[in-house]
Amino acid sequence: MLDIRLVRENPEMVKEASTLKRDPVDVDSILELDSQRRAIIAEADELKSERNAVSAEIPKRKKAGEPVEDIFERMREVGESISGLDDKLREIDEELSGLLLKAPNIPHESVPVGDESANQVVREWGKVTKPEFEVKPHWEIGESLGVLDLTAGAKISGSGFYVLKGAGARLQRALISFMLDIHASDGFTEIAPPFVVNSASMTGTGQLPKLADDMYHIDKDDLWLIPTGEVPVTNLHREEILASDTLPVSYAAYTPCFRREAGAAGKDTRGMIRVHQFDKVEMVKLVHPDSSYDELEVLVGQAEKVLQALEIPYRVLLLATGDLSFAASKTYDLELWSAGVANWLEISSISNFEDFQARRMNTRFRETKGKPQFVHTLNGSGLALARLIPAIMENYQTADGKINIPKALQPYMGGMIQIG
RNA sequence: GGUGGAGUGGCUGAGUGGUUGAAAGCGGCGGUCUUGAAAACCGUUGUACCGCAAGGUACCGUGGGUUCAAAUCCUACCUCCACCGCCA
């Protein structure tokens, strides 16, 4: 959520920034509601002040045996005025916070301006080699080796669900342990959170109110299936004031992710690439505002570490303003080349949200002296399994139609060196 | 799911419908003392909003209600604890 003071003091900046994000904010309405709100508060507070003063008089009068009926009469009217103003204030507050909750975060100054085509390749790691044989896309090699079954997924759940079998299922489990071990040894605390959360949590990280249609909702209990581990893990500290020496807080969590993917269809939806349920290891950080951009670089490095350990070539992309997600100030994507879809695939997205989520969650920290301040939050995939598994199936494919197990992963596969 | 009990400041814990933002203790912070520390003693110690300021307002699980006035009464909901039922 944007700071209302920021909107009040820099309305043009907010208008421009939201336009760059292709999500223009109705700044004028916000300002109008804001000034109405303040006027009503001033009026109501004055009446309340009067009521409090008179209330203090009543017991004294009673003690002195003086009549109080006339005061009751007047205070009844004052009370009615107050509740009228309070009702109106509630309406305005609701409307105002509705607008504010739908306003996107402001891009950081270092973010390139433009649409997707303005994304910048920051660096590349490893080199994409073209093997002499024709690499089969993961859905073909996976099906032929009996480790991936898309038909079964469609049967038991529907289109957009997959089933891993045998060494495929083991591979996924191995990757989860492998990645969590890396993060844990680098100081991340492992978290096993709920996979279903309430609306307050979804609002806290910014999925609600705008992205409701992209998520699965359980009507009966008014709960949401998490679209990413970011939601439960970041919300761990909702409505809290942390001691400053607890920062930075670093978490890593394995969770499934559920996404409705309404309207998604096309070439890159084949196989495991765009599905309704996938597994992911997510990293989350809560940090001091002064260090959040340094932490962002570190977090990108942490995600890279996994790909490097697996020896899979990738590139790091700095997203342009128009490609940034709703809550992000700055985002790097890690992409790797997929022979299957002949395209770069996003395998990780690492973002700094500054205080945008913290403000929604009311997550603050206190330094030894001074007022509580909002923390900055970051998160990044480390990594998404439904992209990583295809990457391994395609990058580690052999000419005779088998899949080698990356060396670092072999201990996690009980020593297995090849599938097939 | 059923029955009973409870939800007050960082924690423990008082609180009669009317200067109670809230006693007391612990903890925290600052100080005195000390070579240093501990102990002792003194002081201080919630958050948000409105306001240029002075100052004002709100908050005692959450929402609604009664009242001139609610931490205190009523009501619904939420959470926690205990027991019963069910269960991986």
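Here is the naming used below: chain letters follow the sequence lines, and residue numbers restart at 1 for every chain.
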If the [atom1] atom of [N] is compared with that of [M], how far apart are they to the nearest Å?
N      : M      : atom1 : result
B:rG64 : B:rA53 : C1'   : 38 Å
B:rU12 : B:rA69 : C1'   : 31 Å
B:rC86 : B:rU67 : P     : 48 Å
B:rA76 : B:rA58 : P     : 27 Å
B:rG10 : B:rG46 : C1'   : 9 Å
B:rU72 : B:rG21 : C1'   : 15 Å
B:rU57 : B:rA71 : P     : 14 Å
B:rC87 : B:rG2  : C1'   : 16 Å

Looking only at side chains, do [X] and [Y] share a donor and an acceptor under 3.5 Å apart?
X      : Y      : result
A:D222 : A:H217 : yes
A:Y314 : A:Q308 : yes
A:D23  : A:S18  : no
A:S329 : A:N105 : yes

Paired nucleotide for [N] [Watson-Crick or G-U wobble; both distances under 3.5 Å]:
N      : result
B:rC60 : none
B:rC41 : B:rG31
B:rA71 : none
B:rG17 : none
B:rC86 : none
B:rA24 : B:rU12
B:rG7  : B:rC78
B:rA53 : none

Value in whole Å for how far the [atom2] atom of [N] lies from [atom1] of [X]:
X      : N      : atom1 : atom2 : answer
A:D34  : B:rC49 : CG    : P     : 12 Å
A:E239 : B:rU79 : CD    : C1'   : 15 Å
A:E50  : B:rA69 : CD    : C1'   : 14 Å
A:I58  : B:rU67 : CD1   : P     : 14 Å
A:L47  : B:rC68 : CG    : P     : 17 Å
A:R37  : B:rU57 : CZ    : P     : 17 Å
A:E367 : B:rC29 : CD    : C1'   : 15 Å
A:E46  : B:rC50 : CD    : P     : 16 Å

Filtered N/O pairs between nucleotides 46-48 of chain B and protein, under 3.5 Å:
from   : atom 1 : to     : atom 2 : distance (Å)
B:rU47 : OP1    : A:R366 : NH1    : 2.7
B:rU47 : O3'    : A:R364 : NH1    : 3.0
B:rA48 : OP1    : A:R364 : NH1    : 3.0

message: Nearest to the side chain of A:I41, heavy atoms from C-beta on, is which of B:rC68, B:rC50, B:rG64?
response: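 That would be B:rC50.
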statement: Quick note, A:A42 side chain, CB onward, closest among B:rC50, B:rC68, B:rG64 is B:rC50
field: Charged N-O contact under 4.0 Å between A:E91 and A:K88
entry: no
query: Do A:D93 and A:R90 meet the salt-bridge criterion of a basic N to acidic O distance under 4.0 Å?
result: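 Looking at A:R90 and A:D93, the cut-off is not met.
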- prompt: How is A:R359 classified with respect to the nucleic acid when contacts are heavy atoms under 4.0 Å: base, sugar-phosphate, or nothing?
  reply: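 The answer is nothing, as A:R359 stays clear of every strand by at least 4.0 Å.
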task: Please work out whether the ring planes of A:F161 and A:H276 are parallel, tilted or perpendicular, with thresholds of 30° and 60°.
output: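 A:F161 and A:H276: tilted rings.
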task: May I ask you to test the A:R170-A:M416 pair for a side-chain heavy-atom distance under 4.5 Å?
output: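 A:R170 does not reach A:M416 side chain to side chain.
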field: Where A:L171 and A:M413 come nearest, the two heavy atoms and their spacing
entry: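 Closest approach of A:L171 to A:M413: CA-SD, 3.6 Å.
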- request: Identify the heavy atoms of A:L336 and A:A391 that sit nearest to each other, and give their distance.
  value: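 Taking A:L336 first and A:A391 second, the nearest heavy atoms are CD1-CB, 3.7 Å.
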- prompt: Would you say a side-chain N or O of A:S49 is under 4.0 Å from OP1 or OP2 of B:rU57?
  reply: yes
task: Take A:E282 and A:Y251 through the side chain to side chain donor-acceptor pair (under 3.5 Å) test and state the conclusion after the steps.
output: CA-CA 8 Å; A:E282 183 78 2; A:Y251 293 130; over 6 Å; no
query: Which residue lies toward the 5' end of RNA chain B, A:M75 or A:R90, if each is placed at its nearest nucleotide?
result: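 Closest to the 5' end, via its nearest nucleotide, is A:R90.
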query: In terms of the nearest nucleotide of RNA chain B, which residue is placed more toward the 5' end: A:V54 or A:E73?
result: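 Closer to the 5' end of RNA chain B: A:V54.
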Under 3.5 Å, N/O pairs linking protein and nucleotides 58-61 of chain B:
from   : atom 1 : to    : atom 2 : distance (Å)
B:rA58 : OP2    : A:N52 : ND2    : 3.3

Expected rows: protein N/O vs nucleotides 52-54 of chain B N/O, under 3.5 Å:
none

message: Nearest 0.5 Å, please: how far is OG1 in A:T377 from CZ in A:R360?
response: 11.0 Å
query: Judged by atom type as modelled, is there a donor-acceptor pair below 3.5 Å linking the side chain of A:E190 to the main-chain atoms of A:A184?
result: no
message: Tell me whether A:D34 contacts the main-chain N or O of A:I30 through its side chain, where contact means a donor paired with an acceptor under 3.5 Å.
response: no
